[in-house]
Amino acid sequence: MFILSTFLTVALKGADVPTTAEATLEATLRFEGVDKHFDNGTTALTGVELSIAPGEFVAVVGPSGCGKSTLLRLASGLDTATGGTVHAPADSVGYVFQDPTLLPWRTVLANVELPAELAGTPKAERRDRALDALRLVGLEGFEKQLPGQLSGGMRMRVSLARALMTRPSLFLFDEPFGALDEMTRLRMQEELQRIYAETGFSALFITHSVTEAAFLAGRVVVMSARPGRITASFEVPFAHPRPAELRYDPDFGRIAGEVSAALRGGFQ
Amino acid sequence: MSAHVTVTAQSEDVLPATDYTQATPPAPVRRRRARAVAVLTPLGSLGVAVGIWYAVSYLLLSPARRFLVPPPQQVLTVSFLDWTHLQPMLQALWLTAQVALVGLLIASALGVTMAVLMSRARWLERSLYPYAVILQTVPILAIVPLIGLWFGFGFTSRVVVCVLIALFPMIANTLFGIQSVDRTHHDLFTLQRASRWARLRKLELPAALPSVFTGLRTSSGLSVIGAIVGDMFFKQGEPGIGTLLDVYRSRLQSEDLFAAIILASFFGVAVFAVFTLVARLAVGSWHASADRP
């Protein structure tokens, strides 16, 4: 799994490694006509068609309760589809929850180490990887702190580092910055897309913020209200890493406006 | 309009210098006052209680009936300051403490184990929990004769009483703690394909620890009560403090009776304080409940 993701990273960054056809054509994640009904009678998703290429960052926007989170639970295998098929990576995915979901009795370092610890990675190796991940999210020097001593933004960074730890080929983000204040939220968006530019993973990012989606993703997908289905898709053709000022760029604004309009159309 | 403005301007000039300093003294002074209040208030209520005690002894009771509530200084001189009276009490208290501790250890181990088992399978919980509840509701005194028949009338039976009385809070609190683990935390472990053992050891048990300590504090108090009740009914072997209470009652040694009651109460408070401290050391750094007594 590690080898695969490294290979993808290298391939996507355009290093002179011969890319095989399978690696580029094979989608990292693919939904084919996916339905999800719950036992209580609600239909969360109908006929979802979505494909994420290796190294592609796709954001999903939609009204609340449209089944966005269900999409992630299906992609990660936490839940199974009632119709259609989900092709997901066989290795573990990096899942960043809405809340940081840190274990309050573990230090920052021990929290980040957890996935590798559960996978049985030797202690020295997982320590090194955890320290690398913490450095990547800018939390050097906070290893010994407990989550309760950190701010909301820092806790989310730890959560991000923990997901980076497994070096997954696919990241799933479930509105990770939704609970943060505006300033922290913007900073976290910039950090995340810097990390994305550095490591080149594939990502499915759920949010209800149109600008967040457009700023982070190469493609923004719009979902309708429940039952959720995909109604529109927009390319956001700016190269990563993107500067913070991109948010005030007229072209960026135009795309965000189109996404917004499509989102409003979904309410009718 | 202009007059109004002048008035407010004047009052603003004058007020801050006087009013504000009176309202809020500097932080260290406030803290010292708060600490003084925290110490003095309970001492004050203790003074009032002793005062009432004196009033009952000397004003309410005739000298002939004063043995029912002997005045405080008499309890002090006759029992606490006389080593021949105090020594057997302390020795008995030590024995009772041992009974309570052994009972608590068994109840904790058994309670946590049962709770873990119940949390593993719904059918186990359904079949075991009702009996745990029954254990809690059956009056312990009703089964004391049976315990005596089965386990004899000595140390073992006293411990059995402690276990029976202290078991339920351990089961209930541990089970509650395990069952209230966050769903997203479970998702986190599911994503990593964690084994059931890893999930128990690294998620469920640590998360349940604050609840386990809440149970432990309740059970420790109950275990002390159980040990004293056990002393009263199972008198073979060395006497516990409960045995002595019964002896003093039958001999009308009311000063000793009062002294023994006070000692037993202090012991109960000490046990509670120790387990509060243990809880704070164990989970206080990450869980706020440990701060509350």
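Chain letters run A, B, ... following the sequence lines, proteins first and then strands; every chain starts at 1. Any value given below was found using the heavy atoms of this structure, including those in side chains, with hydrogens, waters and symmetry copies removed.
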For [X], does the [atom1] atom have more than 12 heavy-atom neighbours from other residues, nucleotides or ligands under 6.0 Å away?
{"X": "A:Arg229", "atom1": "CZ", "value": "no"}
{"X": "B:Phe266", "atom1": "CZ", "value": "no"}
{"X": "A:Asp39", "atom1": "CG", "value": "no"}

Q | B:Thr190 vs A:Tyr95, side-chain contact (heavy atoms from CB on, under 4.5 Å): CA-CA, chis, key distance, verdict | A | CA-CA 11 Å; B:Thr190 309; A:Tyr95 204 123; over 6 Å; no
Q: Kindly indicate, with the supporting measurements, whether the criterion side-chain contact (heavy atoms from CB on, under 4.5 Å) is fulfilled by A:Glu117 and B:Lys202.
A: CA-CA 10 Å; A:Glu117 190 180 316; B:Lys202 294 184 178 180; 2.7 Å; yes
Q: Let me see the working for A:Arg73 and B:Asp187 under side-chain contact (heavy atoms from CB on, under 4.5 Å), right down to the final yes or no.
A: CA-CA 9 Å; A:Arg73 294 187 68 83; B:Asp187 284 346; 2.8 Å; yes
Shortest non-hydrogen contact from [X] to [Y]?
{"X": "B:Leu191", "Y": "A:Phe97", "value": "CD1-CZ, 3.9 Å"}
{"X": "A:Trp105", "Y": "B:Pro206", "value": "CE2-CB, 3.2 Å"}
{"X": "A:Arg162", "Y": "B:Leu188", "value": "NH1-CD2, 3.3 Å"}

(Q) Could you tell me if the side chain of A:Leu103 sits less than 4.5 Å from the side chain of B:Trp286, heavy atoms only? (A) no
Q: For the residue pair A:Leu118 and B:Arg199, establish whether any side-chain heavy-atom pair is separated by less than 4.5 Å.
A: no
Q.
Between B:His287 and A:Pro104 (side chain of the first, backbone of the second, donor and acceptor by atom type, cut-off under 3.5 Å), is there such a pair?
A. no
Q.
For A:Leu114, which atoms come within 4.5 Å of any heavy atom of chain B: side chain, backbone, both, or neither?
A. side chain
**Q.** Separation of B:Arg183 CZ from A:Thr101 OG1 (nearest 0.5 Å)
**A.** 12.5 Å
Q. Which bit of B:Leu203 comes within less than 4.5 Å of chain A, counting heavy atoms only: side chain, backbone, both or neither?
A. both
Q: In sequence, state the C-alpha distance, the side-chain angles, and the governing distance for A:Asp99 and B:Asp182, and then conclude on side-chain contact (heavy atoms from CB on, under 4.5 Å).
A: CA-CA 11 Å; A:Asp99 303 311; B:Asp182 233 20; 5.7 Å; no
